[in-house]
Amino acid sequence: MSNAEKVLAVKKEYGLSWDALGAAVGRSGRMMRKIVRGESKGDSFMPAIEELHRTGKVTHQPPRRRNKAGKVVAVRSKTGMTVPSDTKAEVITTKRTNNRLRIHPTQHLSEGGKIDRIDMPEGKNTKGREKGWAGALSNLRRTSRSQSREDKRVKIRLTGKTSDGQIRSFSVGAKGGYHASDVLSDIRKVHGGSIEAWANSQVEAVYADSNVTIVGIEQTEFSATRSKQIRKQQDLEGTRRGIGKKAWASYL
């Protein structure tokens, strides 16, 4: 399989745009298109492309190009983007190892699914925290915009620091996750446009400690099993969202 074919295979497998594919390997969508057109060999990108194809994420970014002086040539990338560490043995402890903003690269799943993770500082008025919540809201909007053909749902796992100083990780919402547009609607209409206030309301619905400071959010986007037509009919009949706003059942 040629390099161009490998790039096209990954793009098709995960339903990525050119820009999203480029961002996954730390480069631009334009560079990915150049490889496909044969304008660039792209050999240095192939280990990352192959890893993305196998696992849905890139843990080792391609080496950066250097100029004649030996300095790394700057490329455009998302603010706060870092290479993810191994999280297979992740343990939630009483002490955080990092209290800064960290926007992990999007992990791409088959059939167009995505996992986005954001870690943020504890300080309530810090710029990093503000950017973290803005990023989470942007991810929700991206999910909602992608619903032209079928509904999208999102599962959410939050990491929070409780009043006793423990760092806890827990899921909110039903097993089937949330209908993305419902969450955006409630953020706008019920929580004054604040995704943080919405997330706090979901924690309060299931966790006795009301002094939880959320310091991380993981959002998993996937296609809904219920058809869009059925969901619309349920909305017309008023049978889908008939329970309290804080209840998970109100997002079925």
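Just so it is clear, the structure is predicted and the values come from calculations on it, not from any experiment.
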What verdict does the side-chain contact (heavy atoms from CB on, under 4.5 Å) test give for Tyr178 and Leu184, after you've listed the backbone C-alpha separation in whole Å, the side-chain angles of each residue and the deciding distance to 0.1 Å? CA-CA 10 Å; Tyr178 301 92; Leu184 286 173; over 6 Å; no
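- No hydrogens or angles considered: nothing links the side chains of Lys114 and Thr220 as a donor-acceptor pair under 3.5 Å.
- Cluster membership for Leu158 and Leu101, using ILVMFWY side-chain heavy atoms within less than 4.5 angstrom, is shared.
- Applying the side-chain contact (heavy atoms from CB on, under 4.5 Å) criterion to Ala134, with sequence neighbours excluded, gives no partner residue.
- Between atom CG of residue Asn139 and atom CD1 of residue Ile103 there is a gap of 8.5 Å, rounded to the nearest 0.5 Å.
- Cluster annotation: Val203 and Leu137 are assigned to the same hydrophobic cluster (Ile/Leu/Val/Met/Phe/Trp/Tyr, side-chain heavy-atom contacts under 4.5 Å, transitive).
- In this structure Asn125 satisfies the side-chain contact (heavy atoms from CB on, under 4.5 Å) test with no other residue, sequence neighbours excluded.
- Here the CE-OG distance, from Met32 to Ser40, works out to 8.0 Å after rounding to the nearest 0.5 Å.
- No path of Ile, Leu, Val, Met, Phe, Trp and Tyr side chains, each step under 4.5 Å between heavy atoms, connects Phe222 with Leu140, placing them in separate hydrophobic clusters.
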Assess whether side-chain contact (heavy atoms from CB on, under 4.5 Å) is satisfied between Ile115 and His104, documenting all intermediate values. CA-CA 9 Å; Ile115 299 177; His104 298 258; over 6 Å; no
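- Here the straight-line distance linking atom NE2 of His53 with atom NZ of Lys6 works out to 11.0 Å at 0.5 Å rounding.
- For the pair Glu150 and Ser223, the tightest heavy-atom approach, listed with the atom from each and the gap, is OE2-OG, 2.7 Å.
- Under the 3.5 Å distance criterion, the side-chain polar atoms of Gln219 are left unmatched by any main-chain donor or acceptor of Val154.
- Note: Ile35 CD1 to Glu5 CD = 13.5 Å, rounded to the nearest 0.5 Å.
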Run the side-chain contact (heavy atoms from CB on, under 4.5 Å) test on Arg102 and Arg100 for me, step by step, so that the C-alpha distance in whole Å, both residues' side-chain angles and the decisive distance to 0.1 Å come before the verdict. CA-CA 6 Å; Arg102 185 180 185 190; Arg100 295 181 296 177; over 6 Å; no
Derivation of the side-chain contact (heavy atoms from CB on, under 4.5 Å) call for Lys11 and Val36: CA-CA 11 Å; Lys11 186 177 185 297; Val36 169; over 6 Å; no
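- By the criterion of side-chain heavy atoms lying less than 4.5 angstrom apart, applied directly or through intervening Ile, Leu, Val, Met, Phe, Trp or Tyr residues, Leu109 is not grouped with Leu21; the two fall into different hydrophobic clusters.
- Expressed to the nearest 0.5 Å, how far OG1 of Thr159 lies from CD1 of Ile118 amounts to 12.0 Å.
- Residues Ile214 and Ala199 approach most closely at CD1-CB, 3.6 Å, considering heavy atoms.
- Of the possible donor and acceptor atoms, none in the side chain of Arg157 sits under 3.5 Å from a partner among the backbone N and O of Glu218.
- Other residues, nucleotides and ligands contribute over 12 non-hydrogen atoms within 6.0 Å of the CD atom of Glu51.
- What you find for Gln107 and Thr55 is that their closest heavy atoms are NE2-O, 3.8 Å.
- Within the 3.5 Å criterion, the main-chain N or O of Ser144 finds a donor-acceptor partner in the side chain of Gln147.
- Although no hydrogens or angles enter the test, the distance criterion places no donor-acceptor pair under 3.5 Å between the side chain of Asp186 and the main chain of His191.
- Between the side chain of Ser201 and the backbone N or O of Trp198, at least one donor-acceptor pair lies under 3.5 Å.
- When every heavy atom of Asn200 is checked against every heavy atom of Val212, the shortest pair comes out as OD1-O, 4.2 Å.
- With hydrogens and angles ignored, the 3.5 Å screen pairs a side-chain donor or acceptor of Arg129 with a backbone N or O of Pro121.
- For the atom pair Thr143 OG1 and Glu221 CD, the distance stands at 3.5 Å (nearest 0.5 Å).
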